[in-house]
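Reading through the structure tokens given below for one structure.
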Amino acid sequence: MESAGAEERELLSDRIRNALTDAIVSGALAAGTALDEQELADRFGASRTPVRDALRQLAFNGLVEVRPRKGAVVTRMTSERITEMFETTAEIEAMCARLATYRMTLLERGRLMELQERAAGMIARGDLDAYDAHNLVFHETLYGATHNGFMGEQALALRTRLVAFRRTQLRQDARMARSHAEHGEILAAMAEGDGEAAARRMRAHMLNAANALARWIAEH
């Protein structure tokens, strides 16, 4: 029973975090806005514990700042800064795709193909939450296939900083379907043993995500 309660709190914390992420990225919650734990708990019909957990995750992702005696405040994040972060992660992930092409095992390649096939159902259902979680696993599996622990750590650290924005860009038009198709193109280059093509496609994939985010923000 205790385990079930903890799992329920975690799911509620994720729901609160995702809702606040969308509000912050879209500008509905402007930079400098104070986020009161009790007000958020009342809004989401939750206790303060999952709200506190959600704010802690947002602080880790750089979307809010927790100030002593002032609580959580929405961080100021410029479009230029977000673009710089996407450009940087695009280069790191391109290197991961190149190395993974030459170093991955058959089991790792099979795992990536399995993930790609499984995602098709998520696209058909329009299940953003499921595809967002899948997207994380797909990229983390690719990091592991580089067999370069340090590079994988750096890629994951950058991804963590961008996780909120990478989720939001999936809301733009048919971005989920395009993201899935781009994954397929990357895997095709890897299957052909063409690390340079895989790197180019991964770089384009990340920059396409940045462009989708910019369009979504402009529309909302």
Side-chain angles (χ1 to χ4, degrees), residues 1-86 88-89 92-93 122 127-141 143-144 149-172 206 209-210 212-213 216-217 220:
M1 292 292 291
E2 185 175 338
S3 175
E7 183 176 348
E8 184 176 341
R9 284 196 302 274
E10 183 176 349
L11 291 173
L12 184 54
S13 173
D14 288 343
R15 184 166 65 83
I16 296 169
R17 181 201 64 205
N18 290 339
L20 292 175
T21 292
D22 290 342
I24 292 170
V25 174
S26 69
L29 285 174
T33 301
L35 300 173
D36 183 82
E37 286 185 8
Q38 189 57 56
E39 286 181 7
L40 291 172
D42 293 342
R43 183 194 308 177
F44 290 101
S47 69
R48 294 176 68 162
T49 299
V51 170
R52 194 172 297 120
D53 289 343
L55 292 176
R56 190 178 299 117
Q57 293 174 58
L58 291 172
F60 184 74
N61 294 335
L63 290 182
V64 305
E65 178 184 357
V66 179
R67 299 175 179 174
R69 297 183 297 279
K70 291 187 178 181
V73 178
V74 176
T75 303
R76 183 171 188 78
M77 184 71 75
T78 65
S79 59
E80 291 79 11
R81 180 66 170 174
I82 296 170
T83 297
E84 290 172 354
M85 293 166 70
F86 266 101
T88 303
T89 199
I92 293 289
E93 298 228 5
M122 303 170 194
D127 192 336
L128 184 142
D129 289 335
Y131 187 78
D132 181 44
H134 151 82
N135 199 31
L136 174 62
V137 174
F138 180 90
H139 283 267
E140 285 187 351
T141 301
Y143 304 157
F150 183 76
M151 183 176 290
E153 290 168 7
Q154 301 311 303
L156 186 57
L158 277 169
R159 182 178 187 84
T160 300
R161 289 296 305 275
L162 278 171
V163 66
F165 302 105
R166 291 177 75 152
R167 170 187 167 79
T168 301
Q169 57 91 19
L170 293 172
R171 294 184 178 279
Q172 205 276 328
M206 295 307 306
L213 176 66
W216 191 89
I217 292 175
H220 294 79

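Residue numbers run from 1 in the order of the sequence given.
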For this session: Not counting sequence neighbours, which residues clear side chain to side chain contact (heavy atoms under 4.5 Å, CB included) with A28? List them please.
Result: A23, S26
Exercise. Under the ring-ring contact (aromatic ring centres under 6.0 Å, His included) test, which residues partner Y131, sequence neighbours left out?
Worked result: H134
For this session: Over all heavy atoms of both residues, which pair between A31 and T75 is shortest? Give the atoms and the distance, please.
Result: CB-O, 3.9 Å
For this session: To the nearest 0.5 Å, tell me how far L63 CG sits from F165 CZ.
Result: 5.0 Å
Exercise. Does R76 have any salt bridge (charged side-chain N to carboxylate O under 4.0 Å, His left out) partners at least two apart in sequence or in another chain, and if so, which?
Worked result: none
Exercise. S13 and A54: which non-hydrogen atoms are nearest, and at how many Å?
Worked result: OG-N, 3.4 Å
Seminar exercise, completed: D129 meets the salt bridge (charged side-chain N to carboxylate O under 4.0 Å, His left out) criterion, sequence neighbours left out, with R167
Exercise. For R166, which residues count as a side chain to side chain donor-acceptor pair (under 3.5 Å) partner, sequence neighbours excluded?
Worked result: E93
Exercise. Considering residues at least two apart in sequence or located in another chain, which fulfil the salt bridge (charged side-chain N to carboxylate O under 4.0 Å, His left out) criterion with R56?
Worked result: D53
Exercise. Are the side chains of D14 and Q57 in touch, meaning some heavy atoms are under 4.5 Å apart?
Worked result: yes
Seminar exercise, completed: To the nearest 0.5 Å, atom CE of M122 lies from atom CG of D132 at 10.5 Å
Exercise. Nearest heavy-atom pair of V74 and A30: which atoms, and what distance?
Worked result: CB-O, 3.4 Å
Exercise. Between T89 and R161, does a side-chain contact (heavy atoms from CB on, under 4.5 Å) hold up when you go through it step by step?
Worked result: CA-CA 10 Å; T89 199; R161 289 296 305 275; over 6 Å; no
Exercise. Would you say N135 and H139 make side-chain contact, with heavy atoms under 4.5 Å?
Worked result: yes
Seminar exercise, completed: Residues passing the side chain to side chain contact (heavy atoms under 4.5 Å, CB included) test with A59, sequence neighbours excluded, are V64, V66
Exercise. Taking side chain as C-beta onward, heavy atoms only, is L55 less than 4.5 Å from L20?
Worked result: yes
Problem set entry | Inter-residue atom distance I16.CD1 - L35.CG, 0.5 Å rounding | 12.0 Å
Problem set entry | Listed partners of A157 passing side chain to side chain contact (heavy atoms under 4.5 Å, CB included), at least two apart | none
Exercise. Who passes side chain to side chain donor-acceptor pair (under 3.5 Å) against D42, sequence neighbours left out?
Worked result: Q38
Exercise. How long is the gap from OG1 on T168 to CG on L213, to the nearest 0.5 Å?
Worked result: 6.5 Å
Problem set entry | Residues which pass salt bridge (charged side-chain N to carboxylate O under 4.0 Å, His left out) with E37, listed by chain and number, not counting sequence neighbours | R48, R52
Exercise. If you round to the nearest 0.5 Å, how far is CZ of F86 from CG of L162?
Worked result: 5.0 Å
Exercise. Stepwise, does the side-chain contact (heavy atoms from CB on, under 4.5 Å) test hold for Q169 with W216?
Worked result: CA-CA 7 Å; Q169 57 91 19; W216 191 89; over 6 Å; no
Problem set entry | Listed partners of F138 passing ring-ring contact (aromatic ring centres under 6.0 Å, His included), at least two apart | H183
Seminar exercise, completed: For E140, the side chain to side chain contact (heavy atoms under 4.5 Å, CB included) test, sequence neighbours excluded, returns L136, Y143, L156
Exercise. Does M85 reach the side chain of L158, with side-chain heavy atoms less than 4.5 Å apart?
Worked result: no
